[in-house]
Structures are given as structure tokens and as C-alpha cells.
Amino acid sequence: MTKSGEVHPIRPGIDASYEAPRRLAAILAADIAGYSRLMTLDEEGTHARVKRYRRELIEPAIIEHHGRLIKTTGDGFLAMFDSPVEAVRCAIVVQQSMVGRNAALPRDQWMQYRIGVNLGDVIVEPDDIYGDGVNIAARLEGIAKPGEVYISGGVYEQIKNKLVCGYQLLGNRKVKNITEPISVYRVLPDHATLVRARSGRTLAIILSVSAFASVAVAPAAWYFFASQPKQSAARQEQAPPQTANASKSDSAAARQSAAPQVALIPPALPSSSQPAVEPEMVTLLGGKFAMGSNDDPSERPIHQVDIKPFALSKFPITVGQWKQCVAANACVGGVTGDDDAPATNVSWSDTQKFTEWLSQVTQKKFRLPSEAEWEYAARGGVHTKYWWGDQIQPGMVNCNGCNEAYDAIKPTKVGSFKPNPFGLYDMGGGVDQWVADCWHKNYQGAPVDGSPWLDADCSSHVLRSGSWRSDPNYVRPSSRNYYDTNARNQTLGFRVAQSL
Amino acid sequence: MGVGRIAFLAAALALLPAAGHAQGKRPGKNVHLYIISPQDGATVKSPFTVVFGLRGMGITHAGDDFPNSGHHHLLIDVNASLSLTEAMPHNKNYLHFAAGQTEAQIDLPPGKHTLQLVLSDSKHYSFNPPVVSKQVTVTVR
């Protein structure tokens, strides 16, 4: 197997007067585990897949995180970033996207990257980079398990308080051709891995806490790693919870610089422990993301948006929740269905009555998400057409043509399909979801700070998600639609958000 | 071609059993739904305005359940038959004018397109028998 980050001797023939600049950089080295085996199985197919993933996933992810692709090898690549946080975030996005892409395939066809990230002083040539720093990244990649990200102690020190994730210290490792042993941390992927890791000796869990989640945290990119408070309590001594920091004065700056592509997911508390009225919320840390797509003129131009931390309801607002508002004489009736079905037949103006009422009874400010927040949340840190990949797959969304079974008359109850990587349900299909923004036919002139795009007078507002009656093209995270502000329709529902 | 489609649509609708569809409200008498402009066969430059004409019934806001009234839907390049049991779809081929609009500015890519109006009741169900306009074909330059 080719090693992508092998240190090359200084190239012969280089002009002696030319001195390549040195600089500190975060180096990301990746290769595909079992590449030779995959090539044996299907040489052309594997080659085509690797090229496709590189084009659709790797290159955009690197650009998105302000990195530079230095070179690619048969099965791997080497990238350089100014920021270790961005480098690790990019690694997480790649791994998480691959999980989505593999989901549809039989196990023997899975393509899994091993990724190592190191922070080091390197020599930068126009078309390559050299030095121990590169070599260590390559060694980390070499010892990483398929689908995992290993980072050096240097990277860990830089990101531990910024990127909300679990980190497991694997100890000091002696690696080939490097004199000093290097400390190796494993970025903890998901809940299952966390449980497995608990048997390990040293487990550092960085806890960061939102206004809601009083206990646990998840690198949402990889689902829940939160739900059992007792397990984290047992391990918290390694790294005290960051709760206090979150409210200190430097928190805004820290958050800004961190802007992780991960989310904090409140623990799945039994509903009885919350006031019945308050929707279950998922906290999202926000950050920069590329909004829009080239799939439809209304989704152009693709533009970068900076999302501030916010919380979004885990499910669309249900009939049961709507009825509470009706019972309080704050909302209109006529919303029918089972209590756990999404509330439908509501106009944008109706949703404003609901958020007003909810804010009042909970003494917390609820609102509709902005269109940018909605798309950020729906993408779940992934840049493919759907969060699991580019093709529609059964069991993922409720739409007309997405699954074998289809009920044309009404939507399924909320949470019937898989959550996205941020732990949000029904972000696509199910019900059309009102957002705060006025309708604009494309993104020319759209705000880039994640705020809603409002006009003095808007006769129609934006809908996201598509509904159970939409075809698969309308349930993409970037798909846009609109409806008259004061009109109701059986497919129109919504979810609520909170600023943090 | 437009006439053939209309004939097909009408035939498809006529074949639908009228019984068992509580949704299908009866429209008014002598109702005529039509596209005032553009004219059938016109060549237009996008975006262009489509003006809706209705005689014999009134236009209201969706959700307002006044008798003998409804609101417009503009079907673009739709040749599927109309369902009387399901509400009007809502997507780029089925534009809803639920606020009671009587004209719309639409933006279509160059080429031939068909336009057709369908009137629905306050809950977006088609009347029975349906109130539909003649389908017009336009060429977008």
C-alpha cells in the first residue's frame, strides 16, 4: 500500500540558492484501509469510486476547512491546514461522510479511510511538503483503525477545549523512523466506540454544556455519545466539564474560533422530567458552511454562511404540542391527526402565534429557524446531496418515491426515520417546514451571517424539507420552496429554534 | 397537442368515480376558467406574466371556506391526470395562489412549456367536476 506521507529526501537538482520556506502547519494524512483488497475485487470500480469520493467529498471538505490538498496517491491524500481545529474537523467530516456512503453497500465493499493529523514544522515546496511533521502524520494514519482519526499530542493540546469531542489517550507510541515516542489520541467516533473505549485506561472526555443539556455531549457528526449520564460522570476527572467556560467572557471568541462542525445533543431525558410543553431541543454549535447547490437555479449561488450557535427542535412540532397552544387559546384549531404526528395545515402567520405562546409559557425565546440555520442543520456537516450520500435510500426520509411503502394521505408520526448526523429527525420529507425568511428566488444578495433574510413586506415565506408528498428531488437539504404567508396547506408544518 | 392533452385529462377525470370522494365539492354553474395571457402558441421572454381569468365563481384566500369560491393553481408542464381524492401537489410544476392572486410572474427556461389553471377549494382539493382551463403552450425564448 502506498504511504501518502512518506518523507522524501530533499530532491536532487534543486537550485542550491533556493530556500524552501518553513512553517508550522497541521498535516492531515489519509489512506484507504484494504485498498489492495478492494482493487483485487474490482479494479476499475474501486478506482472510479476513489476518484469520485475525492472530487465530491475530499476536495470540497478540504477547501471548506481552509486547507490545501498537497497531493494524492493511489489510495490516499495529504493535506495541510493553518488550523489544527479545521484539520480535525475536516477529518471528522470525511469519516462521517464515508459512513453515509458505505451504509448502502455490503460490508466487503466498504471503503474506509484511516486518518492521522499532526501539528509540525514543515518545509513547504510549491508542490509538496517535507519533514518530520509530515512523517508523523503518516505514521498516525498508519496505526489508525479504519474509519478512525488519530491525532498527535500537539494537535490535542490545541483543540481539546475548542472541538467538542471525546478523546482517548492511547499512550506514547514509538513509530517507525521517529526517535522520540509520540503521544497518540484517538478522536472518539460514536456512542458505541465510547462504550468500548471505557474499558481502556485513560479516557478524557471533554464535556461542553449548552443552556439545555446539563449533562452530556456528542460529536454529532457521529451520533450520540451522550445518553448515559453515569458513564460520563465516572470519567470526568480527566477533563472537567467546560460548563463554566461557556458563560465566561471569552466564550464568544472561543466559540467563534472553534465553530465546530459538531453538535451537542442533550441527553434523551424521559419526557416526564421536562415540562410537557417544551419541545426537545438539539444544540448546534454552528460554524461556517457552504449553503446552496447547483441542482436548481433557486439554490444558487453556493455561498459561505457563518452560523452562530443555536438550538433546533429535534422533531417538527407535533399535533400534541399544537393542541396545547390551542387549549391556551393562543393558536388556531383545525390541526388534526394523532398527537405524535407533525402539526400540519398551519400558515407562516400561525407559526408566529405558536412561537409567541411557547416563549411566553416557557419564559424562553423560541422562534422559527432562519433558512441558513435550517440548511446547516439539515446537512449535518455533510456536503453530499443527502446527508447519507448522493442517492435516495429506503428508510431515510418520508417522501413520495423514497420508500416502498407510501401513504399519500398523511405523514408518518415524527421520528419514524433515521436521524441525521446532528441527531435531528425529519430534516427532509415528512412535512414542509416554514422558516423565518421571506422568499427570494435565489441567493443573490443573501445574508452570510446566518440571520433570516427579511423584507419590509413579504407575501410569501420560505419552506424547507419538502413533504411526504414531494418527490426525492425536493427533500434534499438544499432544496427550497415557498408558500403564501397567510395560507394553510395540509403539507405545511414547522420546527422551532432558539438563539443561544 | 394541447387539445389532445385536455381531451385526455377530461377523459381521465370523467372516468374517476364520483362516489366516495367527500373532498370533491361541486363547483358553481356555468363556470369558465381560462388563461387571459399569454395566448396559446405565444412566444414569450422569461420572466413573463400569466393572467388568470374566471367566470361564474369567486376567488378567495385558501382556508376561507366561502361558497362558490376557490383559488388558482397554475400547472406548468403537467400532463398527469388530476386527482380528486388528493390535495393539489405543491412543487415547481404546481404553483399555488393561495392568497387569491389573479396573476403571476413566472420564470421558465427557454423552450416549449404548457400552462394550465386548476381551481381548487379552500383545502386545495379539486372541485368535482373539476374546474380547469384549456392548456396553453408557450415558447420561451
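Throughout, protein chains are lettered first and strands after them, A, B, ... in sequence-line order, and every chain is numbered starting at 1.
Aromatic pair A/Phe354/A/Phe494: centroids less than 6.0 angstrom apart. Between A/Trp439 and A/His461, the ring center distance fails the sub-6.0 Å criterion.
When the heavy atoms of residues 473-483 of chain A are compared with those of chain B, the residues falling under 4.5 Å are A/Tyr474, A/Arg480, A/Asn481, A/Tyr482, A/Tyr483, listed by number. Of residues 339-350 of chain A, not one residue has a non-hydrogen atom less than 4.5 Å from any non-hydrogen atom of chain B.
With a 4.5 Å cut-off on side-chain heavy atoms, A/Leu358 and A/Val277 count as touching. Looking at heavy atoms from C-beta onward, B/Leu117 lies out of side-chain contact with B/His73 at the 4.5 angstrom threshold.
Heavy atoms of A/Arg469 lying under 4.5 Å from chain B belong exclusively to its side chain. Residue A/Asn400 does not touch chain B at all, counting heavy-atom pairs closer than 4.5 Å.
When the candidates B/His90, B/His96, B/Glu86 are compared by the number of heavy-atom contacts under 4.5 Å with chain A, B/His90 comes out ahead. With chain A as partner, the option from B/Ala62, B/Ala87, B/Ala99 having the largest number of non-hydrogen pairs under 4.5 angstrom is B/Ala87. The greatest number of non-hydrogen atom pairs below 4.5 Å with chain A, out of B/Met88, B/His71, B/Lys92, B/Lys123, is found for B/Lys92.
Legend: residues meeting ring pair (Phe, Tyr, Trp, His ring centres under 6.0 Å) with A/Trp388, ordered by chain and number and at least two apart, are A/Tyr386.
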- prompt: Do A/Ser298 and A/Asn442 pass the side-chain hydrogen bond (donor to acceptor under 3.5 Å, both in side chains) test, and can you show the C-alpha distance, the side-chain angles, and the key distance before you say yes or no?
  reply: CA-CA 4 Å; A/Ser298 67; A/Asn442 59 39; over 6 Å; no
Derivation and outcome, salt bridge (Lys or Arg N to Asp or Glu O under 4.0 Å), residues A/Glu373 and A/Arg367: CA-CA 12 Å; A/Glu373 286 172 336; A/Arg367 57 175 174 81; 2.8 Å; yes
* Any chance you could lay out the side-chain contact (heavy atoms from CB on, under 4.5 Å) test for B/Tyr34 and B/Lys134, step after step, and finish with the verdict? => CA-CA 6 Å; B/Tyr34 56 105; B/Lys134 175 175 175 262; over 6 Å; no
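For the atom pair B/Leu84 CG and B/Asn128 CG, the distance stands at 5.0 Å (nearest 0.5 Å). Here A/Gln433 contributes atom CD and A/Thr491 contributes atom OG1; the two are 11.0 Å apart, rounded to the nearest 0.5 Å.
Legend: salt bridge (Lys or Arg N to Asp or Glu O under 4.0 Å) pairs involving residues 424-444 of chain A, not counting sequence neighbours, sorted by first then second residue: A/Lys441-B/Asp107.
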